[in-house]
Amino acid sequence: MVSACEKCLDALETAVDKRGDKTAATQLQVQDDALCSLCVRCVPAEKFPLAGQSSPLSFTLPRTRTRTLSSKGGEKRATTSYARAEDGGRSSDEDQEEADDEYAEELGEESGASGASDMDDDVRELKGDGIRAQSDMPQLSKYAKFFAELEHGAISKDRTAKKKSIGGSAAPTVSTQPQPIQYAQAILNQTQSTRSIQRWVKVAYPELVGPDRELPLQPLVFSTNAMRLVASKASKKGLEKGKDAFKSRIVYSLDACAEGRDGGAQENGRLGNEDKMRLGKLDARCDHLLFESRFESGNLRAAIQTDKTHYELILQPEANQARDHFQWFYFEISNCDANVEYTFEIVNCLKTSSMFVHGMQPVAFSVGEAAAGRPGWVRVGHSICYYRNQYVIDADVAGHRKDRFFSLRFTFALRHKGDVCYLAYHFPYTYSMLRASLECWTARSSSSIYVRRDEIGQSLAGNPLPLVTITGAGSSAEEVAGRDTVVFSARVHPGETNASWIMQGILEYLLTCDDAIAREARERLVFKCIPMLNPDGVLAGNHRCSLAGHDLNRVWDSPSRSLHPEIFHAKAIVQAACETRRPLLFIDLHGHSRRSNCFLYGNNPDQSWRAADVVSSPTFEFVDTAEIMEVVAPAFSARNCRWSIARSKEGSARVALWRQLGLQRAYTMECTYAGFESGPYKGYQWCSGLWRPPIPFYSGSIPGRDTALRPTKAPERGIGSDKITR
């Protein structure tokens with residue numbers, strides 16, 4: 001069949017070449033990939049290598065008092081159990097468009113999509129139409145300490161925050177006399193105090209280098225004929241028999257590491273890194289690559305060598321998950337030869353489509369390159385393809401799509417013999433990086449900047465949840481009370497590392513920049529930043545969920561104090577802010593894996609699933625921020641913004657805060673993992689040089705606004721010179 005497809009495509013290619021039609025050539029490539037994918041699907045199914053084997057990592061959830069609720073006033077049955085997600089099905093990764101942080105529509109409108117059926121007694125109450133009522137948030141006065149600037153004014157000395165957090169642990173202290181802090185040492189210190197469900201054996205080398213490494217933009221890379229290679233290999237796989245056939249073998253197993261069969265993890269002592277000492281050395285006992293993922297945010301369960309230079313990789317599932325979420329990967333390879341083309345194939349992906357077929361590449365960090373004075377993450381790989389592979393969970397039900405897997409496959413070579421290289425889905429950003437960065441920024445910030453770091457509580461595993469308050473220093477309590485509040489949050493989904501890079505840019509800009517716009521922003525606004533909503537998931541290398549197995553962006557309407565403490569405390573901060581003056585702006589930062597550019601999702605009552613939301617005289621305040629971002633942020637695309645309110649989004653931050661707290665400018669901001677299809681960065685991939693976006697604050701008039709981004713019912717109106725900041 002492969003041969004017949006090749007002959008057909010060769011004939012078409014010859015015809016296209018004679019015409020010289022570029023559009024036809026592009027269409028031909030699409031047909032080529034489609035036919036080759038069809039060939040792969042004709043290969044007999046194989047049972048997934050780890051089918052039926054439980055995950056080596058686990059986390060015991062707290063015992064909670066739970067109840068079964070009826071949205072139609074039915075009987076409520078109270079039970080005591082270990083709480084876990086009960087939403088059925090193996091995967092939530094279904095193909096739908098307009099995905100606000102993507103998975104909402106994938107779950108389907110009728111599913112509710114919260115993934116959290118077991119809640120505390122005081123948490124959840126459903127109205128007759130399925131809308132969850134706002135939870136009573138008792139004792140909001142406990143959160144007043146996180147608004148000390150309203151009582152004492154923005155005095156520089158208040159950057160030393162020694163108060164207890166809601167969770168009971170002391171907040172980090174910051175010296176009023178800034179002292180130089182070495183970033184690498186700060187990372188090592190922070191790593192020792194984190195709590196993870198996995199025993200780490202090292203600190204990944206890229207963390208020690210720091211986030212301030214900007215590399216040139218890299219263009220989108222489209223692989224041609226990659227699927228032909230896959231189809232050809234798949235068709236020959238069954239024919240390779242006898243003594244010359246390569247016998248597959250497991251060369252890395254997290255399961256074996258967890259059982260202690262490899263030695264590995266340090267029992268005592270501080271974690272460190274010895275990668276530079278390993279450079280140029282090959283292990284004579286091994287004739288294959290060596291793999292490692294036991295470090296912060298690492299995710300690799302197994303590596304299977306299927307050929308001399310071909311490795312099939314299996315990602316680690318998330319603790320307590322009811323649905324699989326396999327996308328984020330981060331691991332290390334070593335024991336490699338120079339200039340040898342190695343092929344890596346991640347075989348347990350679940351999404352049916354990926355931006356890897358639209359020019360996106362994975363990222364790599366070479367320790368050898370760093371030692372040569374060229375540190376930093378770069379996009380790598382060729383012959384990149386994404387397709388449905390031959391693996392199934394159960395051969396008896398192989399016809400069901402939910403039991404099929406997809407592969408991400410790419411090839412690349414290392415320049416240095418004996419190099420140590422890290423590979424990841426996207427530019428990693430860990431919890432320790434955040435804490436070290438906050439420590440360094442606060443230490444060197446100007447006395448004209450009021451900055452206070454607090455811990456608003458603890459995560460499920462006991463990791464501190466940081467809150468950063470920033471405004472202009474030297475102001476009285478009355479002056480601060482007259483300023484609007486802007487709230488940023490990020491990283492509710494651990495695998496969306498680009499959200500952290502944008503938060504990094506926002507915090508660095510506000511804490512270190514002294515240009516006119518930064519000064520004006522601090523003098524007119526109070527910024528409340530919750531930079532990492534799901535630290536446990538980040539530490540564990542999860543892609544989607546917390547250690548409770550829940551998507552935390554589906555529980556904002558009624559978070560559980562015991563199962564979702566991260567959202568419980570974050571929502572309390574927003575609600576406490578509303579007690580004095582409703583926040584002007586709330587933006588929850590996310591990453592998007594199947595769309596290009598950066599854009600917003602907002603709330604237009606006229607586009608709500610609920611008829612009662614429609615208003616007779618809409619104000620269209622929700623459009624303002626997109627209009628401003630279109631002007632001041634080159635990577636932003638207003639035309640990609642969407643304003644609909646789906647039933648499955650009721651538990652998301654932007655809908656819950658709009659509905660329950662009346663925040664008209666509550667948004668999800670999505671940033672592509674891949675690249676840009678419009679604007680000045682068109683044709684380029686997202687990189688670390690784009691993580692300093694302008695603050696959505698603009699004191700002047702907005703020229704040349706794009707009215708096409710408005711809803712069809714929006715009246716013509718100007719933005720004015722002071723629309724966002726009032």
Side-chain angles (χ1 to χ4, degrees), residues 180-191 201-219 221 270-283 289-293 295-298 330-342 344 361-382 410-430 432-434 436-437 439-441 443-444 497-498 500-501 504-505 508 512 681 684-692:
I181 294 178
Q182 296 296 323
Y183 181 84
Q185 187 58 51
I187 280 285
L188 293 173
N189 293 340
Q190 296 294 346
T191 304
V201 299
K202 65 186 298 184
V203 176
Y205 186 87
E207 291 202 54
L208 302 177
V209 173
D212 298 323
R213 294 290 186 274
E214 295 186 16
L215 296 172
L217 285 170
Q218 294 179 252
V221 174
R270 292 169 59 86
L271 294 171
N273 184 281
E274 300 178 348
D275 288 353
K276 279 192 173 181
M277 298 175 61
R278 299 162 56 200
L279 290 177
K281 299 177 182 178
L282 298 179
D283 190 337
L289 292 178
L290 298 176
F291 293 80
E292 184 58 81
S293 65
F295 47 79
E296 190 170 346
S297 293
Y330 183 21
F331 58 89
E332 169 207 298
I333 60 171
S334 59
N335 205 46
C336 54
D337 287 316
N339 302 315
V340 172
E341 297 281 342
Y342 293 101
F344 302 94
Q361 295 173 286
V363 298
F365 187 107
S366 164
V367 179
E369 285 292 286
R374 297 180 294 273
W377 289 94
V378 295
R379 300 278 188 171
V380 299
H382 63 85
F410 60 94
T411 300
F412 86 110
L414 290 161
R415 180 182 300 179
H416 306 281
K417 181 178 181 180
D419 199 355
V420 178
C421 184
Y422 294 81
L423 292 168
Y425 179 85
H426 195 68
F427 303 93
Y429 193 104
T430 66
S432 295
M433 287 176 65
L434 168 66
S437 294
E439 184 177 351
C440 294
W441 290 330
R444 73 173 193 257
T497 59
N498 38 4
S500 280
W501 285 106
Q504 171 98 359
E508 184 179 34
T512 65
Y681 303 127
Y684 287 94
Q685 298 184 73
W686 195 98
C687 77
S688 59
L690 300 178
W691 51 280
R692 293 190 179 94

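Keep in mind it's a predicted model, so treat the numbers as computed, not measured. Position 1 is the first residue of the sequence; numbering continues from there.
- In plain terms, the two heavy atoms of S297 and T430 that are nearest each other are OG-CG2, 3.6 Å.
- No more than 12 heavy atoms of other residues, nucleotides or ligands lie within 6.0 Å of OH in Y684, so this atom counts as exposed by the packing criterion.
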- Query: Please walk me through it: do I187 and M433 pass side chain to side chain contact (heavy atoms under 4.5 Å, CB included)?
  - Reply: CA-CA 6 Å; I187 280 285; M433 287 176 65; 4.0 Å; yes
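- Between the SG atom of C687 and the CH2 atom of W377 there is a distance of 14.5 Å, given to the nearest 0.5 Å.
- With no hydrogens or angles considered, no side-chain donor-acceptor pair links S432 and E207 at under 3.5 Å.
- Across all non-hydrogen atoms, the minimal contact from L282 to C336 is CD2-O, 3.5 Å.
- Considering only heavy atoms from C-beta on, V209 comes within 4.5 Å of F365 through its side chain.
- Using a 4.5 Å heavy-atom threshold, the side chains of P211 and S437 count as touching.
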- Task: Please step through side chain to side chain contact (heavy atoms under 4.5 Å, CB included) for the pair Y330 and H426, ending with a clear verdict.
- Result: CA-CA 9 Å; Y330 183 21; H426 195 68; over 6 Å; no
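- With rounding to the nearest 0.5 Å, the separation of CG in L434 from OH in Y429 is 5.0 Å.
- Here the two rings, on F410 and F344, have centers that are under 6.0 Å apart.
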- Between V221 and H382, does a side chain to side chain contact (heavy atoms under 4.5 Å, CB included) hold up when you go through it step by step? CA-CA 8 Å; V221 174; H382 63 85; 5.7 Å; no
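- When atom types are taken as modelled, the side chain of R270 and the backbone of T191 share no donor-acceptor pair closer than 3.5 angstrom.
- For the ring-ring contact (aromatic ring centres under 6.0 Å, His included) test with Y422, the passing option among F291, F331, Y205, F295 is F295; the others fail.
- No donor-acceptor pair closer than 3.5 Å links the side chain of E439 to the backbone N or O of A186.
- Rounding to the nearest 0.5 Å places CG of D337 at 8.5 Å from CG of L289.
- Put simply, CZ on R415 and SG on C421 are 12.0 Å apart, with the number rounded to the nearest 0.5 Å.
- In the model, R278 has a side-chain atom that pairs as donor or acceptor with a side-chain atom of S334 under 3.5 Å.
- Atom CG of D419 is separated from atom CG of N335 by 11.5 Å, given to the nearest 0.5 angstrom.
- Contact check for W686 versus R379: side-chain heavy atoms found under the 4.5 Å cut-off.
- The two residues A424 and P428 come nearest to each other via the heavy atoms CB-CG, 3.8 Å.
- Using a distance-only test at 3.5 Å, with no hydrogens or angles considered, a donor-acceptor pair links the side chain of Q361 to the main chain of G381.
- Two residues are said to be in side-chain contact when any heavy atoms from C-beta on lie closer than 4.5 Å; L279 and H416 fail this criterion.
- For the pair L271 and L188, the minimum side-chain heavy-atom distance is 4.5 Å or more.
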- Message: Working note: E369 + V378, criterion side chain to side chain contact (heavy atoms under 4.5 Å, CB included); need CA distance, chi angles, decisive distance, verdict.
- Response: CA-CA 11 Å; E369 285 292 286; V378 295; over 6 Å; no
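- Note that the OG atom of S366 and the CG atom of L423 stand 10.5 Å from one another [nearest 0.5 Å].
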